[in-house]
S.K.: 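My questions will all concern the structure given below.
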Amino acid sequence: MGSIEEPAVVTAQRSPVPPRSDHISFLEGHNLYVWGGCQCVDGQETFLPSDEIWLYDMESGVWSLRHMGGEVPPVLSQACGAYLQGMLYIFGGCDINGHTNTMYCVDLSGVEYSWRKVTDTVGGTPSPRVRHSCWVYKNRLIYFGGYGCKTVREVNNSKSFMVDETSWTTIGSDFFQFWGWNNEVHMFEPVSATWTEPQTQPPEPRSSHASTTLGHKGYICGGLEMQMIDIHCLDLVTWTWTQIENQAVSHPRGRTLHTLTAISDDTLFLFGGLSTSGVVLSDGWEFDTKTREWREKDHAHKDKPRLWHSADKGRDGDVVIFGGSQTYLFVMDSVTVLRSPSQNHCADVLVFHTQPYSLSRLCEDCIGKHIFSVQEQASWLPAKLQKTIGKRISYFRANAQNIDAGS
C-alpha cells in the first residue's frame with residue numbers, strides 16, 4: 001500500500017500574501033480571490049498594485065499570485081468590487097487624482113486576466129464616490145450609498161444627499177463642490193452597459209456600512225453614528241425599502257467598516273467593525289430575517305478584532321474573513337477627517353463555523369489534523385479521496401505554521 005498523496009506545493013512559511021485592509025475579495029469554488037487594498041511599508045500606508053490578484057486555496061491553505069494585464073485600473077482606495085458570472089467589476093473609489101466614478105472589469109474565467117475600462121455606457125453614471133456597497137441580483141449590479149462630492153447644482157437637485165458641513169472646497173474660482181453622504185440606488189446592467197436609477201424611499205444617507213444579498217432582497221446595516229445598529233432591506237423587484245425593527249432585547253452596537261454575510265435562506269452574519277466610540281470590534285452576530293432577532297454568536301476569534309476586512313460565504317455555511325486592521329488612526333486629508341486603518345494590517349484567514357458540518361467534512365478534517373496517527377489507514381482510501389485528504393493535510397499544516405509565526 002502506498003502512502004497518502006500530498007499536494008505538490010505545501011506552504012512552509014508564514015502567509016506570503018501582503019497584509020492589507022480596504023481590499024476586495026470573493027469566493028469562487030474553493031478559491032478565495034483577493035485584489036487591491038492598502039498595507040504599511042516602512043511606517044507609511046501604501047496601496048497595493050492593481051495588476052495582480054492573489055488566490056487562496058481553501059482546501060490546501062496555499063496562496064498563489066496571478067498577474068493581470070490590459071487596461072489596468074489605477075491603484076484605488078475605498079472602491080467597491082462585485083463578482084458576476086466570472087467577471088470582477090470595480091466601481092468608484094479614490095485614485096491619486098481624487099474620487100472617481102469609473103468602472104473596470106476583468107474576466108477571471110480564462111487563462112489570461114485582462115482588465116477593461118467600461119466606456120460608452122448608456123444612462124446617467126453615478127457621481128464619484130467611495131465606501132459604497134453593491135448587491136448582485138439577476139445579472140445586475142445594484143449600488144447603494146457612499147461618500148463623495150457634488151456640485152451646487154447637483155446638491156440643489158438632489159434629495160438623496162446629506163452635505164458634510166465640515167468639509168467643502170472651492171474648485172477653481174467659479175463654483176463650489178460639496179462633500180457628503182448619499183442614499184442613492186443605482187443599477188448597472190453589464191450586458192447592455194446601461195445605468196438606471198430606480199426611484200425608492202431609502203433610509204438615511206451613509207457610507208462604510210455593510211451589505212449583502214439574500215434572495216431578491218438587498219440588506220444594509222450600520223454606517224451611521226448610532227448607539228445601536230440599524231438594519232434595512234430593499235426588495236430588488238418592487239424597489240420597496242423596509243426598516244427592520246429589532247424584536248429582541250439583545251442587539252449589536254452601532255458600527256462602521258464591518259461586514260454582513262448571508263449564510264442561509266433566512267440568516268445573516270455580522271462581524272467586527274469600528275464602534276461609534278472608536279473601539280475595534282471582534283463580536284459576531286446572527287440575524288434571523290424571519291423572526292427579526294439578533295443573536296450574539298460565540299466563536300473562536302474573539303481575540304482578533306477587525307475593521308475594513310472582507311467576508312465571503314464559504315463551504316458548508318462557513319464565513320471566510322480575510323485581512324483587515326486591528327486598530328485605526330484619524331487621518332486628515334484636504335477634504336475631511338477620515339477614520340483609517342493603522343499600520344496593524346492583517347493577512348490571516350479566519351473561518352467562522354455557522355452550522356454543523358457533514359459527516360464527510362468532519363472525517364476529512366479529522367484525518368487532515370491527525371494524519372500521523374492514521375497514515376496507514378488513510379492509504380487505503382480511494383485515490384480521489386486521498387487527493388482531498390492531501391489538501392486538508394496541507395491546509396492544517398499551513399494554518400499551524402501561520403499561528404506559530406504570529407504568536
Side-chain angles (χ1 to χ4, degrees), residues 24-28 33 35 78-93 101 103-105 118 121 123-127 129-148 160 181-224 229-244 256-271 273 287 289 310-313 319-320:
I24 291 163
S25 75
F26 64 90
L27 261 167
E28 174 65 16
Y33 291 73
W35 180 84
Q78 305 169 73
C80 183
Y83 181 70
L84 172 63
Q85 294 185 335
M87 302 284 290
L88 172 62
Y89 293 85
I90 305 295
F91 174 68
N101 60 350
M103 175 177 282
Y104 293 85
C105 66
V118 179
T121 59
T125 303
S127 59
R129 62 197 59 205
V130 298
R131 305 198 299 277
H132 44 301
S133 63
C134 181
W135 300 298
V136 178
Y137 178 68
K138 285 195 172 180
N139 301 327
R140 298 167 176 171
L141 308 177
I142 304 167
Y143 296 92
F144 172 79
Y147 184 94
S160 301
W181 300 267
N182 75 77
N183 57 4
E184 299 163 355
V185 175
H186 293 272
M187 181 170 66
F188 182 74
E189 299 180 71
V191 174
S192 60
T194 301
W195 283 104
T196 54
E197 186 174 0
Q199 297 305 303
T200 71
Q201 298 294 322
E204 298 93 325
R206 66 191 68 204
S207 67
S208 301
H209 52 281
S211 73
T212 191
T213 309
L214 182 60
H216 64 279
K217 293 182 179 180
Y219 288 82
I220 63 163
C221 71
L224 299 174
I229 205 162
D230 64 338
I231 184 166
H232 305 258
C233 77
L234 175 63
D235 189 307
L236 303 176
V237 176
T238 65
W239 302 111
T240 302
W241 279 100
T242 302
Q243 179 174 0
I244 304 175
T256 59
L257 302 172
H258 51 298
T259 52
L260 186 69
T261 311
I263 56 175
S264 73
D265 292 340
D266 53 21
T267 309
L268 311 178
F269 180 77
L270 178 150
F271 174 68
F287 181 75
T289 60
S310 64
D312 299 281
K313 181 183 177 182
V319 175
V320 180

S.K.: Check the pair Tyr219 / Leu260 against side chain to side chain contact (heavy atoms under 4.5 Å, CB included), numbers first and verdict last.
M.R.: CA-CA 9 Å; Tyr219 288 82; Leu260 186 69; 4.2 Å; yes

S.K.: Let me confirm one number: the CD1-NE2 distance from Ile231 to His209, rounded to the nearest 0.5 Å.
M.R.: 12.0 Å

S.K.: Can a donor-acceptor pair be found between the side chains of Asn139 and Gln85 at a distance below 3.5 Å?
M.R.: yes

S.K.: Measure across Ser264 and Leu214 and return the closest heavy-atom pair with its distance rounded to 0.1 Å.
M.R.: O-CD1, 3.0 Å

S.K.: Does any part of the side chain of Tyr33, heavy atoms only, come nearer than 4.5 Å to the side chain of Leu88, both counted from C-beta?
M.R.: no

S.K.: Between the main-chain N or O of Gly222 and the side-chain N or O of Arg206, is there a donor-acceptor pair closer than 3.5 Å?
M.R.: yes

S.K.: Would you find more than 12 non-hydrogen atoms of other residues, nucleotides or ligands less than 6.0 Å from Gln243 atom CD?
M.R.: yes

S.K.: As an exercise, state the distance from NZ of Lys138 to OG1 of Thr213, rounded to the nearest 0.5 Å.
M.R.: 13.5 Å

S.K.: I'd like to check Pro126 versus Asn101 (side-chain heavy atoms, cut-off strictly below 4.5 Å). Are they in contact?
M.R.: no

S.K.: For the atom pair OG1 (Thr212) and CZ (Phe269), what is the distance rounded to the nearest 0.5 Å?
M.R.: 12.5 Å

S.K.: Considering non-hydrogen atoms only, spot the tightest contact between Leu270 and Cys221 and give its length.
M.R.: CD1-SG, 3.8 Å

S.K.: Can you tell me which residue pairs pass the salt bridge (charged side-chain N to carboxylate O under 4.0 Å, His left out) test with a partner in residues 259-270, sequence neighbours excluded?
M.R.: Asp266-Lys290

S.K.: Return the set of residues passing salt bridge (Lys or Arg N to Asp or Glu O under 4.0 Å) with Glu184 (not counting sequence neighbours), or none when no residue passes.
M.R.: Arg129, Lys150

S.K.: Does His258 form a side chain to side chain contact (heavy atoms under 4.5 Å, CB included) with Ile229? I'd like the steps, not just the answer.
M.R.: CA-CA 11 Å; His258 51 298; Ile229 205 162; 4.0 Å; yes

S.K.: Please examine the side chains of Val237 and Tyr137, heavy atoms only from C-beta on, and report whether any two atoms are closer than 4.5 Å.
M.R.: yes

S.K.: Find the distance between CZ (Phe144) and OG (Ser207) and round it off to the nearest 0.5 Å.
M.R.: 10.0 Å

S.K.: Identify the heavy atoms of Ser211 and Cys134 that sit nearest to each other, and give their distance.
M.R.: OG-O, 3.8 Å

S.K.: Is there side-chain contact between His216 and Asp235, with heavy atoms separated by less than 4.5 Å?
M.R.: yes

S.K.: Which pairs count as salt bridge (charged side-chain N to carboxylate O under 4.0 Å, His left out) when at least one residue sits in residues 192-203, sequence neighbours excluded?
M.R.: none

S.K.: Ignoring hydrogens and geometry, is there a side-chain-to-backbone donor-acceptor pair from Asn182 to Ser160 under 3.5 Å?
M.R.: no

S.K.: Under the criterion side chain to side chain contact (heavy atoms under 4.5 Å, CB included), I'd like the reasoning laid out for Val319 against Thr259: C-alpha separation, chi angles, the key distance, then a yes or no.
M.R.: CA-CA 10 Å; Val319 175; Thr259 52; over 6 Å; no

S.K.: State, to 0.1 Å, how close Met187 and Arg140 come at their nearest heavy-atom pair, and which atoms those are.
M.R.: SD-CD, 3.4 Å

S.K.: Determine whether Cys80 and Tyr143 make a side-chain contact, defined as any pair of heavy atoms from C-beta on separated by less than 4.5 Å.
M.R.: yes

S.K.: Under 30°, 30 to 60°, or over 60°: which ring-plane class applies to Phe91 and His132, parallel, tilted or perpendicular?
M.R.: perpendicular

S.K.: Verify, without hydrogens or angle tests, whether Thr256 (side chain) and Ser208 (backbone) share a donor-acceptor contact under 3.5 angstrom.
M.R.: no

S.K.: Can you name the closest pair of heavy atoms from Asn183 and Pro202 and give their distance?
M.R.: ND2-CG, 3.3 Å

S.K.: Trp195 vs Phe188 aromatic rings, parallel, tilted or perpendicular, using cut-offs 30° and 60°?
M.R.: tilted

S.K.: If you look at every heavy atom in Val136 and Ala82, which pair is closest and at what distance?
M.R.: CG2-CB, 4.0 Å

S.K.: Determine the sole option in Val185, Leu236, Ile142 for which the side-chain contact (heavy atoms from CB on, under 4.5 Å) test with Pro198 is passed.
M.R.: Val185

S.K.: With distance as the sole test, does Trp239 use its side chain to make a donor-acceptor pair with the main-chain N or O of Leu234 at under 3.5 Å?
M.R.: no

S.K.: What do the steps show when you test Gln78 against Tyr147 for side chain to side chain contact (heavy atoms under 4.5 Å, CB included), and what is the final call?
M.R.: CA-CA 10 Å; Gln78 305 169 73; Tyr147 184 94; over 6 Å; no

S.K.: Any side-chain heavy atom of Ile220 within less than 4.5 Å of one from Trp241?
M.R.: yes

S.K.: Drop me the distance from His232's NE2 to Glu204's CD, to the nearest 0.5 angstrom.
M.R.: 5.5 Å

